[in-house]
Visitor: 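Dropping a structure here in structure tokens format, bear with me for questions.
This one's a predicted model, so the numbers in the text were calculated from it and none came from an experiment. Chain letters run A, B, ... following the sequence lines, proteins first and then strands; every chain starts at 1. These values consider heavy atoms only, across backbone and side chains, with no hydrogens, waters or symmetry-generated copies.
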There are 2 protein chains.
Amino acid sequence: MPAGPGDRPATRARPVKSPDLVTIADVARHAGVAVSTVSYVLSGKRVISEVTRTRVLANIRVLGYHPNAGARALASRRANVIALVLPLRSGMQVPVVMQFAMSVVTTARTVEHDVLLVTSDEGPDGLRRVAASAMVDGLLLMDVELHDERVPLLRELGRPSVLIGFPADASGLTCVDLDFHRAGQLCVEHLAGLGHRRVALLGAPAAVYDRGTGFAHRTRAGVVDAAGRLGVDAVVRPCEEGTAAVRRELVSLLERWPDLSGLIVQNEAAVGPVLAVLPTLGRRVPEDVSVVGVCPDQFAEQAGPRLTSVPVPAEEVGRQAVSLLMRRVQGEPVPAATLLDPTLTVRDSTAPAPARR
Amino acid sequence: MPAGPGDRPATRARPVKSPDLVTIADVARHAGVAVSTVSYVLSGKRVISEVTRTRVLANIRVLGYHPNAGARALASRRANVIALVLPLRSGMQVPVVMQFAMSVVTTARTVEHDVLLVTSDEGPDGLRRVAASAMVDGLLLMDVELHDERVPLLRELGRPSVLIGFPADASGLTCVDLDFHRAGQLCVEHLAGLGHRRVALLGAPAAVYDRGTGFAHRTRAGVVDAAGRLGVDAVVRPCEEGTAAVRRELVSLLERWPDLSGLIVQNEAAVGPVLAVLPTLGRRVPEDVSVVGVCPDQFAEQAGPRLTSVPVPAEEVGRQAVSLLMRRVQGEPVPAATLLDPTLTVRDSTAPAPARR
DNA sequence: GACGGTTGTCGAAGCGCTTCGACCTGCCGA
DNA sequence: TCGGCAGGTCGAAGCGCTTCGACAACCGTC
């Protein structure tokens, strides 16, 4: 005889079910269908008649049913969660990272996924744990270095992953990023077009270059590259954060090259100080020195004067990254490299070069 | 051949287990013990002899076993994950939020928990979903407003939670935050002690006050409070971000009260601009105007001149929040309100008030 | 009318883990 | 001698879900 309605083969003497825990079985019972039918209504993996569907959905709503994530993950072998791996280091471009993270969460939600926040300071073990415990279906790594210790691990893990940024050896990996090389070129081209013959790139803190962070190196390469091509003299300097450091750097720069008239700043934290310090050194922006930023639009807009800039499209990168990852999770093939095209927005901080003295 | 009844009770013809998926059963088999024994070794919930323990642990290591999070959550009714709910709004103190988030992740890891990142822009449904699906054991809400729509929901959800910040009605909730009221007082007391008789609070953007964000209101109250008590004239102004906005505000302020000699800035984004703009208005810092910041130490250190400040101890708040949440998850009683004592660090931006003209 | 196809639903077997009671030692005191 | 009691270990019953094969009912077809 089938288990009658009154005699659930209750466990020996388990504590009563918490009343607020509605299971798929409750829904099935109330709707007068099998558990599997409810499941199929939810997943759409089999055809269910319209009338049954409606009835089931109504019961789900009434009972306030929410599938148990653990059970679902266990049975389906899909957690519907992705890991967002953030390094936790100095010199990070905090607002960009934040913008990016938010975009990832928002995008992931549109495809029914949640985001687990992982910091790399737990070391490779963190990644390994999260992947091996089947907590997540895929991994999103930010702020990848040229020689990133997480990269070999990633290959070994054998879980779908997408990197923001490019390691030196990207074989077998999926990477997205702004085309910083092109961004560097754009800046120089803009300044060269305005007649500037000597420009400087005020980059990220030295530590960022030292650990081989891709975007810094690639921007630098783009700048040098375009400068050579266009006959512009380019000097490149890392730049620490803080007004004092910026001032020191600028003083030394202008002393050595008094005819310096173009400045490319790739360091959010330095944008404000640069614009504040230049006037105190007798250089007006943009009359004497033109400044281009590689930074979020928000910063550029708020600066005084408003900054001509190549924005870092954190939102777009986040969206792309998630969408690539989802496709990899689904087993679809994806391009190994996705480079977003940078654009340059002209604002008030650049002007034609002053007449040669 | 058809799957006859005499077959091993193995599944009919399921795809072979992925070889890299090591289960607790594999460990048990290799160690020659029961599955439950392995489980107890891992959880320590029953005494296991030293010799067995060692053997099991060795096998775990060799096989590279990692418990499946979904299965564990299902069986134990504990996900070992907490949700970190971030609002995604304008005027957010991005670096503070980030610092805080990182501290939460790091602390959570020390107690074997992971962090699920949830944004409030999904609305209350996001919270409801995450809680009802048993994805998380508890919730951490940041940037709570005085009249926060998430607060009633939280009570209804009936899951352990901790708020960063205080809503108007905090009954039944657990809250942590810096004592911003005291912070406001500290700033005024410091300035008053230096002989300043008229000070201004340059606060968060107006939007932040409008939506009733606790820390902004409480700081203001603290400032007004101490000013009244100490016979100092205090004027309070919200302040938008961006150099232009800051300049406008300062100009208007100094025009109206030329004898203004103390400035309290509670807006990370405004600190740089304030220090940059004041000299251009003929006010040296600290000779003519003393400036105190309520902002992360990092900002204060990097400013030029180095800023006297009341730091927001994001790290400490994060640690406290997680630890409170864990205790609530464990069912232990916790204090309803935890207020962290602010401290004021004197640096180079404050000095005795200039002589009265 | 036997056959093959659809369509819609059900039942049951897991997914990998925790946990509870049961069951074996030994060893002690009575 | 026996009962009692720790200390250790095992077996099995779930946790709530997905998924696969089975199958009933209906359709049209040769």
Visitor: Are OP1 or OP2 of dT7(C) and a side-chain N or O of Tyr40(A) less than 4.0 angstrom apart?
Guide: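 No, because none of the side-chain N or O atoms of Tyr40(A) sits under 4.0 Å from OP1 or OP2 of dT7(C).
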Visitor: Closer than 4.0 Å, any side-chain N/O of Lys45(A) to the OP1 or OP2 of dT18(D)?
Guide: no
Visitor: Arg46(A) CZ to dC20(D) P: how many Å, rounded?
Guide: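 The distance from CZ of Arg46(A) to P of dC20(D) comes to 7 Å, rounded to the nearest Å.
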Visitor: Any side-chain donor paired with an acceptor under 3.5 Å for Thr174(B) and Arg328(B)?
Guide: yes
Visitor: Does dC15(C) have OP1 or OP2 sitting under 4.0 Å from an N or O in the side chain of Thr23(B)?
Guide: no
Visitor: Whole Å only: how far is the CD1 atom of Ile24(A) from the P atom of dT19(D)?
Guide: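 Ile24(A) atom CD1 is separated from dT19(D) atom P by 11 Å.
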Visitor: Is it the case that dG11(D) (base atoms only) and Ser36(B) (side chain only) share a donor and an acceptor within less than 3.5 Å, ignoring hydrogens and angles?
Guide: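 Side chain to base: pair present.
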Visitor: If each of Val47(B) and Ser76(B) is mapped to the nucleotide of DNA chain D with the nearest heavy atom, which maps nearer the 5' terminus, i.e. the 5' end?
Guide: Val47(B)
Visitor: Find the distance Met135(A):CE to dC17(C):C1' and express it as a whole number of Å.
Guide: 14 Å
Visitor: Nearest whole angstrom, please: distance from the C1' of dG16(D) to the CZ of Arg72(A).
Guide: 11 Å
Visitor: Does Ser39(A) place a side-chain N or O at less than 4.0 Å from the phosphate oxygens OP1/OP2 of dT18(D)?
Guide: yes
Visitor: Mind calculating the distance between CG (Leu74(B)) and P (dT19(C)) to the nearest angstrom?
Guide: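 Leu74(B) atom CG is separated from dT19(C) atom P by 12 Å.
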Visitor: Please confirm whether the shortest side-chain N or O distance from Arg78(B) to OP1 or OP2 of dT18(C) is below 4.0 Å.
Guide: no
Visitor: Tell me whether the side-chain N/O atoms of Thr37(A) come closer than 4.0 Å to OP1 or OP2 in dC10(C).
Guide: yes
Visitor: Side chains of Ser49(B) and Thr52(B): any donor to acceptor distance under 3.5 Å?
Guide: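 Yes.
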